[in-house]
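Below: the structure, in structure tokens.
Predicted, not measured: the structure shown is a model, and the values here were computed from it.
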Amino acid sequence: MNSEPDWSLRPATPADLEPLAELRARVMRADLERLGRYDDHRVRQRLRDGFSPEHTSIVLVRSGPGRRVFAGSVTVRPADRGGRLLEHFYLHPRHQGRGLGTAVLRHVLAEADAAGEPVRLNVLRGSAARRLYERHGFRLDREDAVDAFLHRPVPAVRTGPAAERLRDAALLWSVGELTAREVVDAACAALLAGSDGEAILALASCPDAEASDRVPDLLPPALAEFGLHHHPPGGPPGKQAVLRALAAELLAGRYGPQDLARRVRERFGHDLDFDPVDRLCRLDDEYATLEYWTRTREELDAEVLAEARRLTA
């Protein structure tokens with residue numbers, strides 16, 4: 001099962017300026033020294049000169065019950081050439097290497113895709129961060145002595161049974177319903193259906209023994225080739241997407257109506273604020289106490305099927 005760090009974003013304020021300047025100096029020092037460009041004052045002043053709280057978000061991570069701490073920042077502003085400019089994306093070293101950067105980047109790109117806007121950025125030449133961006137669809141525009149300039153166009157959405165199955169397999173894998181091997185199988189089906197992107201080929205070629213380790217990195221760029229985004233299951237868009245994927249499994253005959261009600265309860269529990277979850281959990285209650293009700297199993301099955309059709313409509 002794939003899990004991402006418990007994180008959130010809050011709008012930046014003027015009070016964040018100096019902590020962000022210090023973070024920039026710390027994160028960029030090694031790469032700037034490698035390029036012979038480190039200057040203790042300039043590395044901080046460049047952030048001060050370009051700081052725009054209205055376009056900057058502070059990354060927070062949970063450090064205990066009810067407590068969130070500063071972990072980094074990301075700025076997304078209108079680009080001069082159209083679309084969005086991603087800059088000042090820094091994470092404190094103690095929060096690197098845990099999937100947080102990937103999660104924040106996916107969030108930023110999902111918002112840009114929803115708005116139909118490309119994203120541009122520049123990264124220091126030789127920086128390890130470039131690999132992260134290229135895995136998420138960024139391509140090189142040009143380079144100078146210091147920076148590589150990248151852009152990510154708006155993905156063209158491709159639909160069809162193979163793309164939909166891969167999307168649903170990704171969602172079901174994220175909540176433990178499918179294995180990483182089954183995600184690879186869905187990629188193979190997409191490949192056989194005519195998809196020929198490099199990322200989908202890499203995912204489909206993943207050996208069984210490596211699937212659990214490699215699918216988390218291979219899946220996002222494969223979905224991006226279809227113009228699809230993988231919503232983490234915790235938020236409302238992700239919850240709705242997982243429900244739709246579970247409902248599709250029922251309608252495809254992969255399990256029965258009572259299985260859907262039980263799975264929804266196991267994944268989400270009763271949620272009075274989210275009607276589809278609440279309805280299916282109530283139906284699961286009725287299955288469990290069927291002998292005390294006047295309704296039949298066939299009536300409950302029909303109601304679950306009707307809910308599944310609503311979710312997939």
| said: Between Gln45 and Arg48, do the side chains contain a donor N or O and an acceptor N or O under 3.5 Å apart? | reply: yes
Does this structure show an ion pair linking [X] with [Y], if we count only N-O contacts that are shorter than 4.0 Å?
X      : Y      : answer
Arg310 : Asp275 : no
Arg282 : Asp285 : no
Arg37  : Asp31  : no
Glu143 : Arg130 : yes
Arg165 : Glu249 : yes

For [X], is the [atom1] atom crowded, meaning more than 12 foreign heavy atoms sit under 6.0 Å from it?
X      : atom1 : value
Asp49  : CG    : yes
Arg295 : CZ    : yes
Glu33  : CD    : yes
Arg142 : CZ    : no

Short side-chain to backbone donor-acceptor contact, [X] and [Y], under 3.5 Å:
X      : Y      : result
Thr56  : Pro53  : no
Arg152 : His136 : yes
Arg44  : Asp40  : yes
Arg120 : Ala79  : no
Arg135 : Pro221 : no
Glu111 : Val108 : no

Which pair of non-hydrogen atoms, one from [X] and one from [Y], has the smallest distance, and what is that distance?
X      : Y      : answer
Cys281 : Arg265 : O-NH2, 3.2 Å
Pro276 : Leu311 : CB-CD2, 3.8 Å
Leu218 : Ala202 : CD1-O, 3.9 Å
Arg214 : Cys206 : CB-SG, 3.9 Å

Taking C-beta and beyond as the side chain, do [X] and [Y] meet within less than 4.5 Å on heavy atoms?
X      : Y      : result
Arg29  : Val43  : no
Ile58  : Leu20  : yes
Trp7   : Arg98  : no
Glu177 : Arg267 : yes
Glu286 : Glu303 : no
His55  : His88  : no
Val264 : Asp284 : no
Thr102 : Leu105 : no

| task | Tell me, please, whether Tyr287 has Arg262 positioned over its six-membered ring: NZ or CZ under 6.0 Å from the ring centre and within 45 degrees of its axis? | result | no
| Hphob cluster co-occupancy, Phe51 + Val76, side-chain heavy atoms under 4.5 angstrom | no
| Path from Leu140 to Phe89 over hydrophobic side-chain contacts below 4.5 Å | yes
| Pick one: which of Leu283, Leu280, Leu300, Leu250 meets side-chain contact (heavy atoms from CB on, under 4.5 Å) with Pro257? | Leu250
| Point-to-point distance, once rounded to the nearest 0.5 Å, from OH of Tyr38 to CE of Met28 | 10.5 Å
| Does the pair Tyr90 and Val59 meet the rule for a side chain to side chain contact (heavy atoms under 4.5 Å, CB included), with working shown? | CA-CA 9 Å; Tyr90 311 122; Val59 182; over 6 Å; no
| said: One pair to check against side chain to side chain contact (heavy atoms under 4.5 Å, CB included): Leu251 and Leu305. What are the steps and the verdict? | reply: CA-CA 8 Å; Leu251 297 179; Leu305 282 165; 4.2 Å; yes
| side chain to side chain contact (heavy atoms under 4.5 Å, CB included) between Phe138 and Val119, worked out | CA-CA 8 Å; Phe138 283 85; Val119 182; 3.8 Å; yes
| said: Going by the rule side chain to side chain donor-acceptor pair (under 3.5 Å), which residues pair with Arg94 if we only count those two or more places apart in sequence or in a different chain? | reply: His92
| task | Show your reasoning for whether side chain to side chain contact (heavy atoms under 4.5 Å, CB included) applies to Arg263 and Tyr255. | result | CA-CA 10 Å; Arg263 281 171 161 81; Tyr255 47 68; 3.6 Å; yes
